[in-house]
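Since the structure comes first, as structure tokens, the remarks are kept for the end.
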There are 2 protein chains.
Amino acid sequence: MSVGVAVLGSTGSIGRSTLQVLSRQRGRFRVVAITGHSNTDLLTQQAAEWKPAFVGLVNGVGKGDEGRGKGTACLVEAATHPDVKIVVNGIVGAAGLEATLAALRAGKRVALANKETLVMAGELVAQAAREGGGEIVPVDSEHSAVLQCVAGRQPAELARLILTASGGPFRTWGPERVSRATVAEALKHPTWTMGKKITVDSATLVNKALEVIEAHFLFDVPYTRVDVVIHPQSVIHGFVEFVDGSVLAQVGFPTMELPILYALTYPDRVPDLGVRRFDPVAAGALTFEPVQPDRFPAYVIGREAARLGGTAPARFNAANEIAVQLFLEERIPFGRIAEIIERVLGVGSREPGAGASLQDVLAADAEARRLAGEAACS
Amino acid sequence: MSVGVAVLGSTGSIGRSTLQVLSRQRGRFRVVAITGHSNTDLLTQQAAEWKPAFVGLVNGVGKGDEGRGKGTACLVEAATHPDVKIVVNGIVGAAGLEATLAALRAGKRVALANKETLVMAGELVAQAAREGGGEIVPVDSEHSAVLQCVAGRQPAELARLILTASGGPFRTWGPERVSRATVAEALKHPTWTMGKKITVDSATLVNKALEVIEAHFLFDVPYTRVDVVIHPQSVIHGFVEFVDGSVLAQVGFPTMELPILYALTYPDRVPDLGVRRFDPVAAGALTFEPVQPDRFPAYVIGREAARLGGTAPARFNAANEIAVQLFLEERIPFGRIAEIIERVLGVGSREPGAGASLQDVLAADAEARRLAGEAACS
């Protein structure tokens with residue numbers, strides 16, 4: 001019997017890669033549900049090819065076929081469909097959180113590419129998984145790398161995680177030049193082809209701060225033991241240091257298809273010839289540099305938000321979403337992204353500590369978005 | 001209860017490193033037996049420190065204390081001591097084979113640094129392990145790397161192994177200059193401090209040919225799926241490619257203490273602060289090059305011997321042992337090592353295929369040694 005899969009965000013970058021992977025693994029998996037944001041043409045095309053039982057359109061404008069879900073509620077509907085065993089959550093932004101929680105409570109595996117899920121509500125997610133018997137398997141290449149290195153070992157054997165960061169397009173630029181970088185420059189990622197939001201997050205290294213927070217929750221490792229190193233070639237995706245001093249790493253040419261497939265088959269592996277075979281000689285020299293704090297101020301703020309805990313990571317994430325959106329609309333310069341985030345985190349209301357409810361988190365998210373908008377105009 | 005360990009070759013490089021590791025893990029392990037080749041001063045000192053139940057001297061000259069084993073028989077005695085659970089086999093050369101077989105038949109774990117065991121008699125070793133319930137855990141850094149990457153996974157998930165080789169001191173030399181290299185030049189290994197024999201084997205890359213054969217037997221992978229890449233920094237010790245295209249690697253600054261500890265605790269890991277912590281930034285640029293066949297003719301012959309199977313690997317190993325000894329005694333130039341091995345493999349008697357007995361193997365070993373001596377004089 002093939003395993004039923006829901007693909008949330010099927011018309012986005014992760015969703016399209018997921019369907020690409022599934023097209024090579026049709027015997028093992030079948031697509032039960034897909035949801036798209038607003039690309040109705042592609043969604044219709046995917047529905048025709050895969051014939052899923054459920055198709056959802058988040059930004060529906062009332063002209064969809066009968067039997068199709070509409071609005072953000074369709075995400076939960078797809079994620080909890082009874083024939084679905086694995087939910088690939090490729091939604092960008094906070095909208096993905098509710099679907100993750102619902103899927104975990106319904107006992108599903110969530111193959112998670114939605115960073116906001118763990119950043120906003122890491123503790124709530126862990127609780128939902130415990131209650132419903134669901135589990136999270138990361139799709140991010142860095143967290144997939146860590147999972148592949150620790151697979152089958154006890155958490156007590158982990159000493160330290162080292163996530164790699166390409167350093168983005170501004171790695172070698174001076175702070176002055178970076179602060180005036182254009183949208184076109186920020187979108188020129190040296191090694192990965194991804195969506196716009198995440199590409200800008202790679203340029204600010206906010207992406208890596210979010211991944212540090214995710215890693216903390218995914219692998220139950222304190223922040224003091226999650227390090228980041230700049231690795232411009234993006235060939236080594238993560239290191240895991242064990243208590244005996246040994247280090248494992250996951251290695252490969254950049255592709256999201258590999259972590260997606262692993263999240264579907266974990267802890268097993270299945271034959272797949274879809275990704276470019278690794279060749280160390282072709283990889284060239286692999287280099288590593290420390291993160292320079294003055295080049296990546298938003299990353300430093302993100303780590304501080306992580307350390308604060310409570311709703312600070314949610315506010316960090318929300319402020320960044322607004323700031324990046326304003327930057328992509330060319331309404332603020334690149335250098336203001338970090339400034340806006342810092343302003344929002346500095347002026348926010350008191351943090352609830354551990355035990356923040358979903359309401360607390362969503363309120364903090366909303367407040368941070370409002371404050372970020374205000375900060376941008378002042 | 002602590003686990004009893006026998007250290008065969010306790011006065012050699014692997015043996016001393018093993019006792020170094022054990023000195024940090026006294027609660028978990030105790031030394032039940034040690035054997036040395038001829039360094040009686042160090043053996044006496046080790047016996048005084050560790051107070052093992054059994055002390056053996058291979059090259060004993062009749063003046064040992066009562067209760068001490070003598071001659072090569074002491075290796076089997078130490079390896080099968082009833083209080084021993086793990087035998088660290090750090091013997092150089094063919095003498096280690098019999099002890100491995102005896103330990104496996106007695107149901108012990110053999111932490112194997114003795115290359116000859118698997119090269120000479122890979123099939124016999126597998127049979128002894130099956131019959132007696134023993135197991136082999138590799139101590140070589142390359143095979144330990146592979147084991148750490150595959151630990152817990154099914155053999156069917158392995159697609160390819162890539163062993164790394166430093167390339168030795170002659171990696172960038174022309175063939176002409178290499179053929180006239182001196183003993184002092186051959187012993188200047190760029191990254192590892194090891195015994196003389198194995199250091200010369202690193203310069204010829206015979207070491208890597210032997211490791212390819214070991215990997216074949218240890219991980220049950222056909223030779224066509226065991227590759228070698230030159231990696232001058234010796235920071236990545238091995239890669240494992242899985243059937244889905246993902247690759248794991250084991251990484252660290254060169255030290256034998258880590259693979260030794262892992263062989264003792266496998267599949268678990270225990271806290272140990274004895275090895276230098278890995279730091280990717282301090283590691284510098286990691287580079288990879290293909291093996292140039294014309295620079296390493298003995299490696300090419302070794303792979304051919306592997307492909308032939310039967311007793312060819314044993315003859316390759318024996319011819320190399322004699323040739324290296326002659327080189328270290330400055331009786332032949334470096335370039336003749338490969339020539340002698342090639343001559344021996346070319347003129348030897350017919351190969352028994354699969355199913356060679358220990359007698360076949362030992363006869364092939366003896367014949368190859370005789371032929372190598374003759375080839376050197378002609």
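Every chain is numbered from 1 and lettered A, B, ... according to where its sequence line falls, protein lines coming before strand lines.
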Toward chain B, the part of A:D268 with a non-hydrogen atom under 4.5 Å: both
Top of B:H237, B:E257, B:R153, B:Q148 for chain A proximity - count of heavy-atom pairs under 4.5 angstrom: B:R153
Closest heavy-atom pair and its distance - A:A249, B:V251: CB-CG2, 3.9 Å
Whether over 12 other heavy atoms sit under 6.0 Å from B:D220 CG: no
Residue, of A:V229, A:V247, A:D272, that accumulates the most heavy atom pairs under 4.5 Å with chain B: A:V247
Distance in Å, A:L286 CG paired with B:T287 OG1, rounded so as to fall on 0.5 Å steps: 8.5 Å
Heavy-atom pair count under 4.5 Å with chain B, highest-scoring of A:R269, A:Q154, A:Q233, A:E289: A:R269
Residue part contacting chain A, namely of B:I230, when any heavy atom lies under 4.5 Å: neither
Which atoms of B:P267 approach chain A - backbone, side chain, both or neither, heavy atom under 4.5 Å: both
Engaged part of A:E241 at the chain B interface, taking heavy atoms whose separation is under 4.5 Å: side chain
Region of B:R277 that comes under 4.5 Å of a non-hydrogen atom in chain A: side chain
Exercise: identify the closest heavy-atom pair between A:D244 and B:V275: O-CG2, 3.9 Å
Distance (rounded to the nearest 0.5 Å) between A:I162 CD1 and B:F278 CZ: 6.5 Å
Pick from A:P290, A:S246, A:A285 with the largest number of heavy-atom pairs that fall under 4.5 Å of chain B: A:S246
Structural part of A:L273 lying under 4.5 Å from a heavy atom of chain B: neither
Most contacts with chain B, counted as non-hydrogen pairs under 4.5 angstrom, among A:V281, A:T164, A:D227: A:V281
Toward chain B, the part of A:V270 with a non-hydrogen atom under 4.5 Å: backbone
Heavy-atom pair count under 4.5 Å with chain B, highest-scoring of A:R276, A:Q250, A:R160: A:Q250
Interatomic spacing from CD in A:E157 to OG1 in B:T265 - rounded to 0.5 Å: 8.0 Å
Contact class of B:L248 relative to chain A, heavy atoms under 4.5 angstrom: both
